[in-house]
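In what follows, a single structure is set out as structure tokens and then discussed.
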There are 2 protein chains.
Amino acid sequence: MRLSAKADYACRAMAELASTSPPVKAERLATAQNIPLKFLENILLDLKHSGLVESQRGGDGGYWLARDASAITLADVIRAVEGPLAYVRGQRPESLDYTGAAGPLRDVWVALRANVRAVLEEVTLAHMSSGALPASVQELIRDAEAWHSH
Amino acid sequence: MRLSAKADYACRAMAELASTSPPVKAERLATAQNIPLKFLENILLDLKHSGLVESQRGGDGGYWLARDASAITLADVIRAVEGPLAYVRGQRPESLDYTGAAGPLRDVWVALRANVRAVLEEVTLAHMSSGALPASVQELIRDAEAWHSH
DNA sequence: CCCATAGTCCACTAAATTTATAGACTAAGT
DNA sequence: ACTTAGTCTATAAATTTAGTGGACTATGGG
């Protein structure tokens, strides 16, 4: 399971946007988050087309969130630049059909997506800029670290 | 978040292997699961190099599981052909370092991976061939379907 | 014991996607 | 008018994914 650089950049740029007073220039986001400027501009355009950010041109221009940071989840951001949250072989889990022994696999992918959603739909940009992640997510991290120290 | 065709094929081939008496020829797996034969051979080679399957050449050759189906998880299979279970920009979550407002993002990716693991480390090939998925996974599916019918 | 055959093994090519860049254009402020 | 900065299209480079051809090897028949 892989998350693209584009999605990672988008999340970082949005986190930065959420904690800077608007409007914010693309160049500032690029240097703050170490993202190639031109690539970032493409991403911001995707985000704008999805209605997550708004912008203004000109000397005093820049970008800002289209709605409150608490009303934008990471899932929204990722979907804006990558399409569906979780897909297998370029298709949605439910549109795959498996024959023979692989039958149950479709259900596994559905479960997998549900668990991906459980994280990405919960975390908002407000969580990001406050630094306090939702309790359910924090618990996952604690468990993961406990696991790791074994 | 995307799972490659290779990983999907590998899981399907292993499910088939787990429910056929050995040795099984690559061609049989390919037709049973509708996978390009030559591509499947590459995948089987990866699986062999990871120690998940064994094989024999010659007229009466074929492939079989290197250990019991209940001791091989989908996570094992995916790691064998794709590398780390969940990675971002080609790197493991914990090796990324984020500055400024994106700081908490690293933890989000860790949580995400934990939740991916919660599914893939639980499901074994024995579950696949019996058709009975683990209870925790079944619950996720029920919730996902309830969600969908809204 | 050697040959023929079936089938695995490996190196390589082709296609697709992702990542990144360049430059022309448009709007906003001074 | 001039400068600054977003918008958009095209395209180039790099990486990943998908797919193929042919060499190699064990087995069974003669």
Practice problem: Would you kindly give the OH-to-C1' distance between A:Tyr9 and C:dT21, to the nearest whole Å? | Solution: 13 Å

Quiz item: Could you give the CG-to-P distance, from A:Leu45 to D:dC8, as a whole number of Å?
Solution: 5 Å

Quiz item: How is B:Arg2 classified with respect to the nucleic acid when contacts are heavy atoms under 4.0 Å: base, sugar-phosphate, or nothing?
Solution: sugar-phosphate

Quiz item: When you check the phosphate oxygens OP1 and OP2 of D:dT16, does a side-chain N or O of B:Tyr87 lie under 4.0 Å from one of them?
Solution: no

Self-check item: Euclidean distance, atom CG of residue B:Leu37 to atom C1' of D:dG22 [Å, nearest integer]
Solution: 14 Å

Exercise. Go through C:dC10, C:dT19, D:dA5 for me and flag the one nearest to the B:His49 side chain.
Key: C:dC10

Exercise. Give a yes or no on whether a donor-acceptor pair under 3.5 Å exists between the nucleobase atoms of C:dG23, that is its base, and the side chain of A:Lys38.
Key: yes

Quiz item: Any idea which of C:dT21, C:dT8, D:dT17 is nearest the B:Glu41 side chain?
Solution: C:dT8

Quiz item: Would you call A:Cys11 and B:Tyr98 a side-chain contact if the rule is heavy atoms closer than 4.5 Å?
Solution: no

Quiz prompt | Greater than 12 external heavy atoms within 6.0 Å of A:Glu121's CD | solution = yes

Exercise. Check the distance between D:dT15's P and B:Arg89's CZ and give it to me in whole angstrom.
Key: 13 Å

Quiz item: B:Gly90 near the nucleic acid: base, sugar-phosphate alone, or nothing, with a heavy-atom cut-off under 4.0 Å?
Solution: nothing

Practice problem: Provide, to the nearest angstrom, the distance between the CD1 atom belonging to A:Ile43 and the P atom belonging to D:dC8. | Solution: 16 Å

Practice problem: Starting at atom CG of A:Asn42, determine the distance to atom P of C:dT19, rounded to an integer number of angstrom. | Solution: 12 Å

Practice problem: Could you pick out which residue, B:Lys48 or A:Ala5, lies toward the 5' side of DNA chain C when each is mapped onto its nearest nucleotide? | Solution: B:Lys48

Exercise. Report yes if at least one side-chain N or O of A:Lys6 is closer than 4.0 Å to OP1 or OP2 of C:dT19; otherwise report no.
Key: no

Quiz item: Is a side-chain donor-acceptor pair under 3.5 Å present for B:Asn42 with B:Tyr9?
Solution: no

Quiz item: Got a sec: does the CZ of A:Arg28 have more than 12 other heavy atoms crowding it under 6.0 Å?
Solution: no

Exercise. Give the nucleotide from the list D:dT7, C:dA20, C:dG7 with an atom nearest to the side chain of A:Pro36.
Key: C:dA20

Quiz item: Considering only C:dC9, D:dG6, D:dA18, which nucleotide approaches the side chain of B:Phe39 most closely?
Solution: D:dA18

Exercise. Assign each of B:Ser55 and A:Leu40 to its nearest nucleotide of DNA chain C by heavy atoms, then name whichever residue's nucleotide is nearer the 5' end.
Key: B:Ser55

Self-check item: Separation of atom CG in B:Leu47 from atom C1' in C:dT8, rounded to whole Å
Solution: 14 Å

Quiz item: When you check the phosphate oxygens OP1 and OP2 of C:dG29, does a side-chain N or O of A:Gln56 lie under 4.0 Å from one of them?
Solution: yes

Quiz item: Considering residues, nucleotides and ligands other than B:Arg92, do more than 12 of their heavy atoms fall under 6.0 Å from its CZ?
Solution: no

Exercise. Round to a whole Å and report the spacing from CG of A:Asp46 to P of D:dC8.
Key: 11 Å

